Structures are given as structure tokens and as C-alpha cells.
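First comes the structure, then the notes that go with it.
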Protein chains: 2
Amino acid sequence: MGRKKRQKPRNASTELRRFYTEHQRMPSYREAATLFRYRSPNAITYWVNRWTTTGIVRRDRTGRLLPGPALAPIRLLGNVQAGFPSPAEEEHIDTLSLDDWLVGNREASFMLKVSGDSMVDAGIQPGDYVLIDRGRTPKKGDIVIAEVDNEWTMKFFEKRGNRIVLRAANRRYPTIVPHQELKIAGVVTSVIRKYK
Amino acid sequence: MGRKKRQKPRNASTELRRFYTEHQRMPSYREAATLFRYRSPNAITYWVNRWTTTGIVRRDRTGRLLPGPALAPIRLLGNVQAGFPSPAEEEHIDTLSLDDWLVGNREASFMLKVSGDSMVDAGIQPGDYVLIDRGRTPKKGDIVIAEVDNEWTMKFFEKRGNRIVLRAANRRYPTIVPHQELKIAGVVTSVIRKYK
DNA sequence: TATTTTATTGTACATTCGTACAATAGTCAA
DNA sequence: TTGACTATTGTACGAATGTACAATAAAATA
């Protein structure tokens, strides 16, 4: 039969991950054959057998492909200062995606980029991103997105006696005691800083 | 025919998202029928038709289910201080997952929980998580995980003349000039803080 | 060189899949 | 009560899928 030079699929994990994130599913054997330039879907059967041993893919009930552990998201290891962690003592957030880990209530969540310096003393800097949960009712000490004088800002939600006050985590900003009704857009559930 | 009380599937998005994150694929029509307690896969065909209009699901080439925009991850909106953003002016990280956004090089990445206070002046606090890229070569100004005196710490990577120095972002810690060879585990690519 | 191992192709088949079609019961408003 | 609309069930069919089997070329090894 006509036959191409042998190849052995290069960076299978990368290609498969790309397909998975692009299509939100794993390829069929025939699609994978196309992807890796094979003429027969059976070439994929051949490779799937070793990919399962290396954890790149798994099979579901009907034999279809699923992403294996090696395609899975980020691992959470131990602490920085407590000495460098050995892979043995990994915490097991392994299987969880950052999305699931950070976003509890998807429908009610959104993200903002921080541009002021009113929260620097709380370690939130301009350029950071904050995840907001719209649905949550703020507790004392929470960081909230609130409307003050027709402007939305990020402040600590606190109480003085029975009154609610909004405190900035920057000595240069005053604490605000809202007169009338107070609009709160949501509670900050996490902060993300991304270095280039 | 025997028939159950009418139901109209409740929180379809939640159920479907649960299935998708658990199985890493969308259900077949028959599986979805089981999931929502229907006796006929055709009940799902019926509902898929309206789920596609509300963006909960999409169909692929062969009619199989894919997660729709409404099942998709977090949206990135505008800036905090620049006034509260209208949904119109969303940046379009919509379709991107936090994982993809934060983790460039999956194989070479891992996560650490910060336990020291050596970087507080850079806004990295004890309890924060840092994502590390093993593969990247550190540039001046990067935050790195380095081995100093048989202990791993997080420091700014800088240069004095031709020498590499490791500087803490906390006035109480000294700057370190490594004598011999310097082991660097990776470069910090992002910081994540999670409030309870 | 000869031999073994590894990689690729093609075909065929049972299984699973989505969906078209038809029937009918539940719900609601007039 | 009647009629219109909505929701559910069952069946059947063509298309797509994973895989078993067999053949064989390419590369590695002796």
C-alpha cells in the first residue's frame, strides 16, 4: 500500500489540549487521525494504547477519548517558605481547574481590573484583577464594590456601632460614612495579579 | 402510554455544567435523558432546541452537544475606579478560561502557597498563591523562587553590575548576593488571593 | 546481512448516536 | 367544555463511531 514516512506523533499532548480547548471536547479517532496526518483511524487506536499508559488520554464507556491526567490543569504544591515541596506531598487540587477553584457562583460572578490605589495597604494594586460575587451579602471585613457619590469604588465593608462605613486600605483616603442608601455591586472573592 | 408528571428541566445549566466538569465532555442525548429523568432521548431533542436559543448548549458537526456561551467561564469587565462598567464595554476574555489566561505553559507550571512575609511590599501576602513557570529564564525585576542556604524563598531577581542579587520586598529582610551557584526553580507569573 | 520490533494502512462490523415522525397526555385560557 | 399549546413517549433509520483482524513497510538490532 502507499505509505508515508513514519512519524510518531510529536507533542501529542499539546495538540490534543489545543483541540480540547478549541472544541470543548476530545476528537474522535478519525478526527485525531486527520489531526496527526494519518490515513487510518487505526493509527490512533495504536497510539491511544500508549497514550493511556502515559496519562495523556483516557477512554470513556464507549471507548471515546477523554483528556487524561497529563492534560489536566495546574497542580497546587506546598508552601514557599517551608522548604521546597516534593511532588509526593502535593495537595490535591490537581483535578480542579482554576475556574472551579476561584469561581463559586458562575452566573453571579464577574471580573474587574483595578485602577485606583485605594486598597494598596490590603495588597491590592492598580493593574490587579478582582473577582466579584454579585450574590453574596457582605460581612464585616469583606472588600466590596460600592457606589459612593455616583462612582464605583472598592472598599472595606465595616461597622461602627450600627452604622455601615466604607474604609479604604490607604491612609491617604478618608473613611466614608454613607448618608443615604448604599449600593453594593458585590463582594470581592479573590485577587489576581498577572506578571508579563 | 405511561407518562410521568410534566416537569420542565430545572436548572439545566447547572446540571449540564456539573456533567461537563465531571466527565470533561457533554452528555449524549440518552445520557441527558437519564440525567433529567426522561424516558425518551427525544425529550432532550425537544429541549436542546430551546437551549440553543438561550445559549446553554451548542451542536457540533454531528449534532452532539457542546457547552454554549451561557455555560462558559467568567467575564472580564472594565476597571473599578473608572466608574462602573456597562456590560456593553466588556473586554473579550469571555471565552477564555482562567486556566488558559493564567497558565501559559502547563507542563512547566505549578502553584505554591506563600507562607513568608518577605514580599509584602510587593503586595504578596502570606496565604496568597503564586503560579510558577519552571521553563522561563528570569529577567531583571522578575520575582523568582530561588534556593538560598538550602531553603527555597521568593525574591526579586536583580543585578548589580554583572552580579545577580536577590532582593526581598520587605525592608526587614536583607538583600542576598549568592556566592556560588544559584538555583532558581522558576519565575512567578501570577499571584492569586482567595477570600473566604 | 538477516531478523525482530515498531509504525502505518485498509477493511469490515457491531454499537451508539442524533433525529424525523407520529401519537398523546397535561396545562391553560377562553 | 372546548380548543390550542406545551411537554413527553416510543419507534425506526441512516450516519458516525471504536475496534478486531490482517497485511506490510520502515527502522532498529543483531
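Please read all numbers here as calculations on a predicted model, not as lab measurements. Sequence lines set the chain letters: A, B, ... in the order given, protein chains first and strands last, and positions in each chain run from 1.
- In this structure, B/Arg61 reaches the D/dT17 phosphate: one of its side-chain N or O atoms is under 4.0 Å from OP1 or OP2.
- Geometrically, A/Arg50 engages A/Tyr46 in a cation-pi contact defined by less than 6.0 Å to the ring centre and at most 45° from the axis.
- Checked by distance alone, A/Ser40 brings a side-chain donor or acceptor within 3.5 Å of a matching partner on the base of C/dG10.
- In this structure, the OH atom of A/Tyr46 is 17 Å from the P atom of D/dC21, given to the nearest Å.
- The 5' end of DNA chain C is approached more closely, in terms of each residue's nearest nucleotide, by A/Arg50 than by the other of A/Arg50 and B/Pro41.
- Not counting sequence neighbours, B/Arg58 has no partner by the salt bridge (Lys or Arg N to Asp or Glu O under 4.0 Å) test.
- The environment of NZ in A/Lys194 is crowded: more than 12 heavy-atom neighbours from other residues, nucleotides or ligands sit within 6.0 Å.
- One can place CZ of A/Arg39 at 12 Å from C1' of D/dA25, the figure rounded to the nearest angstrom.
- Atom CH2 of A/Trp51 and atom C1' of D/dT19 are 16 Å apart (whole Å).
- Rounded to an integer number of Å, the gap from CG of B/Asp60 to P of D/dA16 is 11 Å.
- Residue-to-nucleotide proximity on DNA chain C shows that, of A/Arg30 and A/Ile44, the 5′-proximal contact is made by A/Ile44.
- With hydrogens and angles ignored, no donor-acceptor pair closer than 3.5 Å exists between the side chain of A/Arg59 and the base of D/dG18.
- For A/Arg172, the salt bridge (Lys or Arg N to Asp or Glu O under 4.0 Å) criterion is met by A/Asp117, not counting sequence neighbours.
- Between A/Leu65 atom CG and D/dA16 atom P there is a gap of 18 Å when expressed in whole angstrom units.
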